[in-house]
Amino acid sequence: MSATHPGAELVQQRRLVTELPGPRSRELSARREAAVCAGVKVALPVFIAAAGGGVLLDVDGNCLIDLGSGIAVTSVGNAAPAVVAAVHAQAEQFTHTCFMVTPYEPYLAVCEELATLTPGGHEKRSALFNSGAEAVENAVKVARHATGRPAVVVFDHAYHGRTNLTMALTAAVMPYKHRFGPFAPEIYRVPLSYPFRDPPGLSGQQAAARALSLIEAQVGAEHLACVVIEPIQGEGGVIVPAPGFLPAIAQWCTEHGVLFVADEVQTGFCRTGDWFACEHEALIPDLVITGKGIAGGLPLAGVTGRAHLMDAVHAGGLGGTYGGNPLACAAALASIASMREHDLAGAARRIEAIAIPLLTALAARCPAVGQVRGRGAMLALELIDPATGAPNPALATQVIRACHRAGVVVLSSGTDANVIRLLPPLVIPPELLTEGLDVLTHAVLTAAAPE
Ligand SMILES: *Cc1c(COP(=O)(O)O)cnc(C)c1O
């Protein structure tokens, strides 16, 4: 294989020159098993050498179609030239000072962008962190401090991270919580609006009333600091609540002095066809949590909220050594500029316009596809046993494996691991997207075909 300049000029084509994983990947997997602990699981043991646009080039010279973006991170493209240049330029100036010791402008500029881009024209403040989980933890710290109340409400199927507090906020025991307790107290879980699984005809308002009556009966608004919710759940299975559900929850929060906290770590930064998924129903959260797609692959996350809430915390109460690292901030600024310049929210809507008809046609041919759902470039197929409607994780695993063998990276999700999730880079060439979806279609039809 010729020496490829990483990420640059990658031909936007699926190309398999070995079986997957190839011999070089298999060698590296053996080293991985001897050096990396087993708890860090790998979905597709194909080691990557370079990536860009909609493709991942592996160490054996195979070129895979990327429909995962490293879990909704490389929305602007992998090794996007503008991001690489910004990080390079910043690295030549300085790599770290710690913003809490001696500050620097890129951190401010990211917070200014967050104030401009997140929903609502009110005065806002932000703080930056390294990971989504860390940002979620800090949002809860702010909410508790600002309200003086302890309790936090989260939802069925929620995913908020892997730290102790965020494990408690996360719903699924496997793989996230199993034998990792005890968990943080004062976390209460209520039912989401899950149209595919709810009683037929349950409206968003009715689903909200179901959750709110439980909150009132079992928590009490006067004890509740915040409701933390993903506007579209990611790991939980790309669950889009029925229209009216989120506004009803948000309105109740406002009426009761409870903070409405939107975890937009996965949905944010153009993924769902708007800058933020909350915009779809004109929601204005008190706090917005960002991460993943914000910085084109560098680790950065943020909490942005109403100035009087964010500023309630005493000086020194929030922070961290690396939070808002200058390289990550430079990457975020370049990523945001690129989203603006190339209208990547529009690109996400175009991805939906290509994918939904193809996936809907597949569902019409294949009763094991229980539902096609999602918004923008956050899409999914929920696979079921057509006879019973029960979740079908075995089929999902089979389909995902077939896609992987064919060189198309798709992701698993759902509490029952029966939801195939698509999170392509927003810059994926349309032909590549279509080809990836054709491979997925073929994989579903083959795996679901009766013997
Ligand atoms: C990924 C994710 C997190 C956690 O982010 P990390 O950067 O992995 O810590 C939190 N919330 C949501 C909705 C996520 O998708």
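Numbering of residues begins at 1 and proceeds along the displayed sequence. Remember, it's 1-based here, ligands and their atoms both numbered in the order they're listed. Here the structure is a predicted model, which means the values were calculated and not measured. Just so it is clear, the values below take in all heavy atoms, side chains as well, and ignore hydrogens, waters and symmetry mates.
- Applying the 4.0 Å criterion to heavy atoms of His160 picks out, from ligand 1, the atoms 10 (C), 11 (N).
- Looking at atom 11 (N) of ligand 1, its nearest protein heavy atom turns out to be Asp263 OD2, 2.7 Å.
- Close contacts between ligand 1 and Gly132 involve ligand atoms 4 (C), 5 (O), 6 (P), 7 (O), 9 (O) [criterion: under 4.0 Å to a heavy atom].
- Of all the atoms in ligand 1, the ones that sit under 4.0 Å from a non-hydrogen atom of Tyr159 are 1 (C), 2 (C), 3 (C), 11 (N), 12 (C), 13 (C), 14 (C).
- In terms of N/O distances under 3.5 Å, ligand 1 is approached by Ala133.
- For the pair Arg375 (side chain) and Val240 (backbone), a donor-acceptor distance under 3.5 Å is absent.
- Among all protein heavy atoms, the one lying closest to atom 1 (C) of ligand 1 is Lys292 NZ, 1.5 Å.
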Before you tell me yes or no, could you show the steps for Val238 and Leu379 under side chain to side chain contact (heavy atoms under 4.5 Å, CB included), namely the whole-Å CA-CA distance, both residues' side-chain angles and the distance that decides it to 0.1 Å?
CA-CA 7 Å; Val238 189; Leu379 301 168; 5.9 Å; no
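- Applying the 4.0 Å criterion to heavy atoms of Glu230 picks out, from ligand 1, the atoms 13 (C).
- Taking each heavy atom of Arg271 and Ser69 in turn, the nearest pair found is NH2-OG, 3.6 Å.
- For Lys177 and Phe183, the positive end sits near the middle of the six-membered ring, less than 6.0 Å away and at most 45° from its axis.
- Atoms of ligand 1 lying under 4.0 Å from at least one heavy atom of Gln266, given by number and element, are 15 (O).
- Ion pairing between Arg197 and Glu382 holds under the 4.0 Å rule for side-chain N and carboxylate O.
- The stretch residues 125-153 participates, sequence neighbours left out, in these ring pair (Phe, Tyr, Trp, His ring centres under 6.0 Å) pairs: His145-His314.
- Within a 4.0 Å radius of atom 8 (O) of ligand 1, the protein contributes no non-hydrogen atoms.
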Donor-acceptor pairs under 3.5 Å, side chain of residues 249-264 to any protein atom, not counting sequence neighbours: which ones?
unit_1: Gln251; atom_1: NE2; unit_2: Glu255; atom_2: OE2; d: 2.8
unit_1: Trp252; atom_1: NE1; unit_2: Glu216; atom_2: OE2; d: 2.8
unit_1: Trp252; atom_1: NE1; unit_2: His256; atom_2: ND1; d: 3.3
unit_1: Thr254; atom_1: OG1; unit_2: Ala250; atom_2: O; d: 3.0
unit_1: His256; atom_1: ND1; unit_2: Trp252; atom_2: O; d: 2.8
unit_1: Asp263; atom_1: OD1; unit_2: Val265; atom_2: N; d: 3.0
unit_1: Asp263; atom_1: OD2; unit_2: His160; atom_2: ND1; d: 2.7
unit_1: Glu264; atom_1: OE1; unit_2: Thr267; atom_2: OG1; d: 2.7
unit_1: Glu264; atom_1: OE1; unit_2: Ala277; atom_2: N; d: 2.8
unit_1: Glu264; atom_1: OE2; unit_2: Ala277; atom_2: N; d: 3.1
unit_1: Glu264; atom_1: OE2; unit_2: Cys278; atom_2: N; d: 2.8

